[in-house]
Amino acid sequence: MDNKAIAKIFKFCGQLMELYNENTFRSKNMATASYKIDKLPFVAAESTVEQLTEYPGIGKSTAEKIIKLIQTGSFDDLDKYMLKTPKGILEMLSIKGLGPKKIQVIWHELEIETVGELLYACNENRLVQAKGFGLKTQEEIRKAIEFSNANQGLFLYAKAENQAKILRDYLRTYFPDAQVEYSGEFRRKCEIISLVELLSSVPLEQITIALEKTDTEYTIVESSEDTITLTGPQGLKYRIKYVPKERFAFTLFMTTASAEHLENLKNLDKEILPLKTEEEIYKGLGLDYIPPELREGLQEVYWSQKQCIPTLITFSDLKGALHNHSTYSDGVHTLEQMALYCKDNLGLEYFGICDHSKTAVYAHGLPVEKVLEQWNEITALNEKLAPFKIFKGIESDILQDGSLDYDDAILSKFDFVVASIHSNFRMDEQKATERLITAIENPYTTILGHPTARLLLSRAGYPIDYKKVIDACAANQVVLEINANPLRLDLDWRWHQYAISKGVLLSINPDAHRTEGLLDMKYGVHVARKGGLSAKHCLNAFSLSEIDAFFTKRKAEKMI
Ligand SMILES: [Zn+2]
Ligand SMILES: [Zn+2]
């Protein structure tokens, strides 16, 4: 352990003490010790207590702590504070721009305990309302978190996408006659990206020269005969593979496949031939073409053999956006702005507003008077925007016992209700499953929102028995949400087929808190395609008259 590392730990311990409002003299002492250790002219790890105390500014207790730290990796004060602090709060201390004072507010007032939740709260514009935070701080924190995630080498698809496109488009422009294509997990549109693979028909020497000429900074970290690996400005990793044109389709085919997909193809006992297109290669195996997103080793090879690959949903199949927020609760844009964006920018037929319900105080959940006020505005807007329609919805909190948030009298007047869990996440599988099923059995629940509350790369979400939850949705005609926020993508695509096979409809919901958030439906479509969803099983691919009829019929059947 070098002096720098020791100094860092002392500083960290001082911050922890401050976090607990420990007497300022003691926490300042830690900070001073940290500073002194950093400036020591000799190696602390090779010194004794006596040698250390000879240096001005280092007292006996500091010296003892240093020795203990070197010998055991910790010391008493540090242990004490580490033990009582949640892991996520400890992580926050390492985020640039977040000191103990701000973390106190985040932890105690906003009740946020993980970095992932904090990132989500930034994206939902929730920090600005807290004491000592402004829009600028919120933005800085968001950037710092994204940066630290990136340092771990993993990126949300949505974050990798722009970067990947910059490099691909640059190479395509630089070599207009060449083939440059995405491959691997990025081409399969996986929700988390560790590596952007590109195939290029241009030899690598020329690629290297082209890379030197861009304004974007790429660092080559590894190169072999036919591949180079590089990192981009935000730490995203790329691998460019040189493939001569005559083997391009074959290599694209081989490198796009997940290991499981390839395994399933090998089990067919037919040789994979290097033909001219991917279609021909599949045909050579006696198979229908399989879209890249599906090449994950689930049922796709079987479907392909049986010629029943679903017609995968596309963004243009979507006719409306359900589950969105506005300035009534914690959104950035007004109800009218959100609706107009759907109508004019996205060419949709309808918009579902689902502001937070009254229990979600942190998100300005709506008391009944506010709900009534919103309904009046919706009626007026529906006259103004017709035939475009705004549906009256609510994102009702699922309370601890699984019940919903308003009285039946109010619940019955919504066109639809999205029921979601937003608090008390610490549940075992049985408790979480029961809580969800109680909500699913509630006749007012139309859609189950983000079923596990996971935040990708940040929070695992509570464990659920997927089959039981999906079966309950089937039994109660409840629609399952595919929350399209790139941090959520929840219901996980690996469960889409099970839901579809049980006759459960899925809904690609943006959960937008601002107009641009509506575009997130694109990411929902990506994972829905991975799950094998076609438009006919997707609620918001219903036309306005179809979904209107669906809501009305459902209410009649439930007698609500
Ligand atoms: Zn929610
Ligand atoms: Zn929401």
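For ligands, and for the atoms within them, numbers begin at 1 and follow the listed sequence.
Checked against the 6.0 Å centroid threshold, Y350 and F391 count as a close aromatic pair.
Note: H323 and H450 have tilted aromatic rings, judged against thresholds of 30 and 60 degrees for the angle between ring planes.
Side-chain polar atoms of E124 and Y120 form a donor-acceptor pair below 3.5 angstrom.
The Zn ion (ligand 2) is closest to atom NE2 of H325 (considering only N, O or S atoms).
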Taking it one step at a time, do H422 and H356 satisfy ring pair (Phe, Tyr, Trp, His ring centres under 6.0 Å)?
CA-CA 10 Å; H422 291 116; H356 286 284; 5.1 Å; yes
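Using a cut-off of 2.8 Å, one finds that H422 contributes an N/O/S atom close to the Zn ion (ligand 1). Inclusion of H323 in the first shell of the Zn ion (ligand 2) is supported: an N, O or S atom falls under 2.8 Å.
Centred on the Zn ion (ligand 2), the angle running from E395 (OE1) to D511 (OD1) is recorded as 170°, rounding to 10°.
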